[in-house]
Protein chains: 2
Amino acid sequence: MKHIAESTVRRLSLYLRFLEDYRRQGLETISSGDLASLGGTTSAQVRKDLSFFGSFGTRGLGYSVSALSKRIREILGLEREWRVIIVGAGKIGAALAQYEGFGYRGFKIVGVYDVDQARIGQSLDGVIVKDQQELDGDLKSLKADIVLIAVPPEAAQPLVDRVTKAGIRGVLNFAPAPLHAPAGVTLRSVDMALELEILSYALAAKA
Amino acid sequence: MKHIAESTVRRLSLYLRFLEDYRRQGLETISSGDLASLGGTTSAQVRKDLSFFGSFGTRGLGYSVSALSKRIREILGLEREWRVIIVGAGKIGAALAQYEGFGYRGFKIVGVYDVDQARIGQSLDGVIVKDQQELDGDLKSLKADIVLIAVPPEAAQPLVDRVTKAGIRGVLNFAPAPLHAPAGVTLRSVDMALELEILSYALAAKA
DNA sequence: CGGCGCTTGTGAATGATTTCACAAACTAAC
DNA sequence: GTTAGTTTGTGAAATCATTCACAAGCGCCG
């Protein structure tokens, strides 16, 4: 498969949400123009995005909501369950553990870890916070696929090294630190302060 | 000013962090190559990014850490204080209110709002959660610049309409909903489930 | 003060992504 | 069955972003 741009994957994810809205409304077909206006893009963009993976539409009619949903889920790897471990049970870790948005798309939180004795033993939405010393063993025994990093920035890189050594190939980082992972590991970062700074730039540039 | 790509602004933000690290270490100059290796890019990229805003370096030597920090802060609009209001005091809103990463870059949380009586009156890191009915008045009296949206997805778009009507020009949305804002308003979204789905795609594509 | 070594700043080249534009294919209506 | 009206799928064109490559500038050393 040719390399697919991240922007394309991001839009596919969005399209999937619109498709689910449409399904909830009982609609059976959707056109590229509909998807485009919901997502703030153009119909050509939608068709080009989909064309990387095949032809799923019917000319003159549009796309079958259910068939396209299924196909996008397959493409994004959402047909299977992903087992997720959260490291760091502070404010952000706790918020992530209790975030409803994950579960319903097949991301299952199988463990939450911290080094702080005060937090260990607490229950976060049904999952008990465990001692981080147990992390290495649990990564394997719990068959974790993905690790969410919600520890202080200085602890983030050592943690990446540790979990990738244990075989983890997907990491989503919430610590405001630039991290590096070995080849073969996908590491993404969500940096809230950075987003706010980009917003600041936009506001400052307007004024 | 010519239009600057978001990717450039994002990198400038990152450079600023590295510059602050360098300053903490007492180093006075930094080269584009140093900035590049810290940020996982190339020295040409760094120089090109900076060149959009002028020439700040010294050939043969590099950039003055303090001068470049100052200049990037100016560019990003971080020299001034931004007054931020958080709407939604659930898990994510509370985590945002207590996030240390915001304050130290000039983002000041001046209010947190919710509709739930059980949450109103609670203190989050020194800020009392107020009734969302007071939001419209407070947006003006508190001189808010930016609103962070941490409400359920279905409440997000009405909230955008409401705060932009009250004169807010910058919105950072954490609800998993695609939002639209009128021209002149900058709206950015951080969507954690979407990030996980992009990660899922990367993992699924490898297998 | 002259030459060496290093690093910037920037046009030009390349590469990536988006938009355009239109033939082909289908539905629906009569 | 024919026609009118849609909408897809996709090469080609245009735009946008990154990388290359090198002249020019500066510090440092002798």
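Chain naming here is simple, since letters A, B, ... match the order of the sequence lines and numbering starts at 1 in each.
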- Gap between atoms CZ and P, on A:Arg47 and C:dT18 respectively (whole Å): 15 Å

- Message: For C:dT8, does the base pair up with any side-chain atom of B:Arg59 as donor and acceptor (N or O, under 3.5 Å, distance only)?
- Response: yes

- Earliest and latest nucleotide of DNA chain D, 5' to 3', sitting under 4.0 Å from a non-hydrogen atom of chain B? D:dA17 to D:dC26

- Query: So, A:Tyr15 versus A:Glu20: side-chain donor-acceptor pair below 3.5 Å or not?
  - Reply: no

- Note on the structure: Residue pair B:Tyr63/A:Arg11 against DNA chain C: nearer the 5' end by closest nucleotide is B:Tyr63

- Ranking A:Ala44 and A:Ile4 by the position along DNA chain C of their nearest nucleotide, the one closer to 5' is A:Ile4

- To the nearest 0.5 Å, how far apart are CG in B:Asp136 and OG in B:Ser141? 10.5 Å

- Are B:Glu197 and A:Arg10 side-chain neighbours, meaning at least one heavy-atom pair lies under 4.5 Å? no

- To the nearest Å, how far apart are B:Arg71 CZ and C:dG9 P? 12 Å

- Using side-chain contact (heavy atoms from CB on, under 4.5 Å) as the criterion, point out the one residue from A:Thr41, A:Leu68, A:Leu14 that pairs with A:Leu35. A:Leu68

- Task: Indicate whether OP1 or OP2 belonging to C:dT27 is found under 4.0 Å from a side-chain N or O atom of A:Thr58.
- Result: no

- Whole Å only: how far is the CG atom of B:Leu68 from the P atom of C:dT8? 10 Å

- Between B:Lys48 (NZ) and C:dG15 (P), how many Å, whole number? 16 Å

- Side-chain contact test, heavy atoms from C-beta onward, threshold under 4.5 Å: evaluate it for A:Ile109 versus A:Ile86 and give yes or no. yes

- Message: Using OP1 and OP2 only, check whether a side-chain N or O of A:Thr42 sits under 4.0 Å from C:dT19.
- Response: yes

